[in-house]
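Naming convention: chains lettered A, B, ... in sequence-line order (proteins, then strands); numbering from 1 in each chain.
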2 protein chains.
Amino acid sequence: MKDNLRQYVSKSISLSDRELDEFCDLFQSSTVKKKSFLLKEGEVCEFEGFVTKGLFRVYRVHSNGVEQILYFAIENWWVTDLDSFTNASVSKLHIQALEDSEVLLISRKDKEYVYEHIPKIEKLFRVMTQKTHIALQQRMMDNLSKTADQLYLDFIEKYPQLSQRLNNLQIASYLGISHEFLSRIRKKIFIK
Amino acid sequence: MKDNLRQYVSKSISLSDRELDEFCDLFQSSTVKKKSFLLKEGEVCEFEGFVTKGLFRVYRVHSNGVEQILYFAIENWWVTDLDSFTNASVSKLHIQALEDSEVLLISRKDKEYVYEHIPKIEKLFRVMTQKTHIALQQRMMDNLSKTADQLYLDFIEKYPQLSQRLNNLQIASYLGISHEFLSRIRKKIFIK
DNA sequence: TAAAAACATTGAACAAGGTCAATAAATAAC
DNA sequence: GTTATTTATTGACCTTGTTCAATGTTTTTA
C-alpha cells in the first residue's frame, strides 16, 4: 500500500532502503468514504496526507455560503491545510473525499522529527513546495488575466483525467465561476 | 550594507558567526536605478535577490499588452523569478525598480552550494517558501471571492507603508483591476 | 424500482467591472 | 520655471459573468 509513496520519494531523492523504510513507517493508512471529511473548518490540521486512492477537494466556505475550491488531490498528490498544519492554527478549510479514498497520514511531530533526522527529506519538501508555489503563481496570474472560457479549456486540457472524475459544480467552484455560467460555456464550446 | 541580511537570517535560524559570514559573502551588492530592470522577459533569471533599499515590481506583460503585477518587493524582501531561477528556464516576467534601489544577489550555483554546505539554510528557505505559499493561497482565494472594493481596502490595510509608495496604476495592476475602476472605488470610499 | 436527492440546463434581469476617449492634475525633465 | 510626460479622474457605453427561478436529467438510496 505504501509502494506509491516509496516510488514518489525515490523519484525525487535517493535514500537508503533503511531511510526509506524509516520515513514510510511514520505514515499511517486511513480510508475515507466518499463525502466524509479529513478536516473541517475550526479544527487544527494534524496531518499531511499522501493520497494513494481516490480524490479529495480542499475548499473554503465563504461567509455568504459559497464554496471555493482551493485544489484537488488525487493519487500521488499531497493533501493538507499547509497553514493550519505548519502553524498548528485553526483551519478555515474543509477537506472532503469526493470518491472512496485512501490516504497515508503523517503527524506534525513525526514530520518535524524526520526533517531533523533525514535532511534529504527537508530537501524533498523544499523542492515540492517550490513547485507547487510556481504552479500557484501561474494559476493566480491566469485567474486574473484569462476569460472564463479559456480557464475552463485550459483546465480540461491540463487535467484531462481529473476533469473526467469531477462534476461541473466542482470545476466551476475551482475556477471561481458560477456553475450556471460554466454550463453556458460548455454549450458554446461543444457546439462549435 | 549586509546587516539587513544578517539580521533577517538570524531571526529565523541560528548560525555560527562563521556560517553567517560564509553565507553573506556569497552575495554581491547591486544598485538599480529607478525604472531600470533586474530581469526582462526572455532572459534566464540567474539570481535570487534580497532587497536592502528601494522597491521592485515583478510583473508579466500579457499578449494584449496589459501588465499584471505578481508581487512587490521592498526592504528585507526577496525578489526573483522562482520558476526561471530554479529551473534555469526562460522567464516570462519583468523585474523593475520603482525607486532607486539596492539589492544583494546570489547566483544559482552559490545557492546550491550553500544548500549542500549549510543545511540550516535549506531549512530557512523551506520555511520561507512555505510562508509565501500560504500567503499566495490566501491571496488567490481572496481574488476569487472578494469584490474589488474589498480587495483594495484589504491591500491598503495590510500594506499601509507600501501602498504609500505606490501609485494607483501599480496597485490596480496588482489587484487585477483597471486603474479607472480603482479611481472610482477610491472616490466612493473616501467620500463616505 | 420508486422516490429522493443531486446535478445540469436555460431564461430573464441585473451588477461588476472593462474600454475608450477626453480632460485635469501632478511630476519630472530640461 | 516652463514644457513634457506621467498619473488621476470622469463620462458613456459595452462585456462578462451573477443571481434567481424554473425545469429537466441523472444518480443515489431505500
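- Listed nucleotides dA12(D), dT19(D), dG17(D) differ in distance to Ala148(A); the shortest reach to its side chain belongs to dG17(D).
- Tested against Arg186(B), the residues Asn168(B), Ile171(B), Asp149(B) include a single side chain to side chain contact (heavy atoms under 4.5 Å, CB included) partner, Asn168(B).
- Put simply, CZ on Arg186(A) is 11 Å from P on dT10(C), counting in whole angstrom units.
- Using a 4.0 Å cut-off, no side-chain N or O of Ser183(A) falls inside it from OP1 or OP2 of dT10(C).
- Taking every side-chain heavy atom of Ile177(A) into account, dT18(D) is the closest of dT18(D), dA8(D), dC7(C).
- In this structure, Asp149(A) places its CG atom 15 Å from P of dT15(D), rounding to the nearest Å.
- At whole-Å resolution of the value, CZ in Phe181(A) and P in dA12(C) are 17 Å apart.
- Comparing atom distances between the Lys187(B) side chain and each of dG11(D), dT16(D), dT6(D) picks out dG11(D) as nearest.
- For the pair Ile185(A) CD1 and dT16(D) C1', the interatomic distance rounds to 10 Å; values are reported in whole Å.
- As rounded to whole Å, 16 Å separates atom C1' of dT19(C) from atom CG of Leu182(B).
- As rounded to whole Å, 15 Å separates atom P of dT27(D) from atom CD of Gln170(A).
- A side-chain donor-acceptor contact under 3.5 Å links Glu75(A) to the backbone of Gly54(A).
- Whole-Å rounding puts the Ile189(A) CD1 to dT16(D) P distance at 14 Å.
- Contact annotation: Arg184(B) does not reach the phosphate of dT9(D) (side-chain N/O to OP1 or OP2, under 4.0 Å).
- For dT7(D), neither phosphate oxygen OP1 nor OP2 lies less than 4.0 angstrom from any side-chain nitrogen or oxygen of Asn168(B).
- For Asp17(B), the CG atom counts as loosely surrounded, since its 6.0 Å shell holds 12 or fewer non-hydrogen atoms of other residues, nucleotides or ligands.
- Rounded to whole Å, atom C1' of dT6(D) lies 8 Å from atom CG of Leu169(B).
- Contact check, Asn167(B) against dT7(D): a side-chain N or O comes under 4.0 Å of OP1 or OP2.
- Map Thr147(B) and Lys35(B) each onto its nearest nucleotide of DNA chain C; the residue landing nearer the 5' end is Thr147(B).
- Side-chain atoms of Ser178(B) lie closest to dT19(C) of the nucleotides dG17(D), dT19(C), dT9(D).
- Nearest nucleotide to the side chain of Lys34(B), out of dG17(D), dC7(C), dA28(C): dA28(C).
- Taking the side chain of Glu180(A) as heavy atoms from C-beta on, and the options dT6(D), dA8(C), dT10(C), the nearest nucleotide is dT10(C).
- Val103(B) pairs with exactly one of Ile95(B), Leu38(B), Thr31(B) by the side chain to side chain contact (heavy atoms under 4.5 Å, CB included) rule, that one being Leu38(B).
- Thr80(A) contributes a side-chain N or O that, together with a main-chain N or O of Phe47(A), makes up a donor-acceptor pair within less than 3.5 Å.
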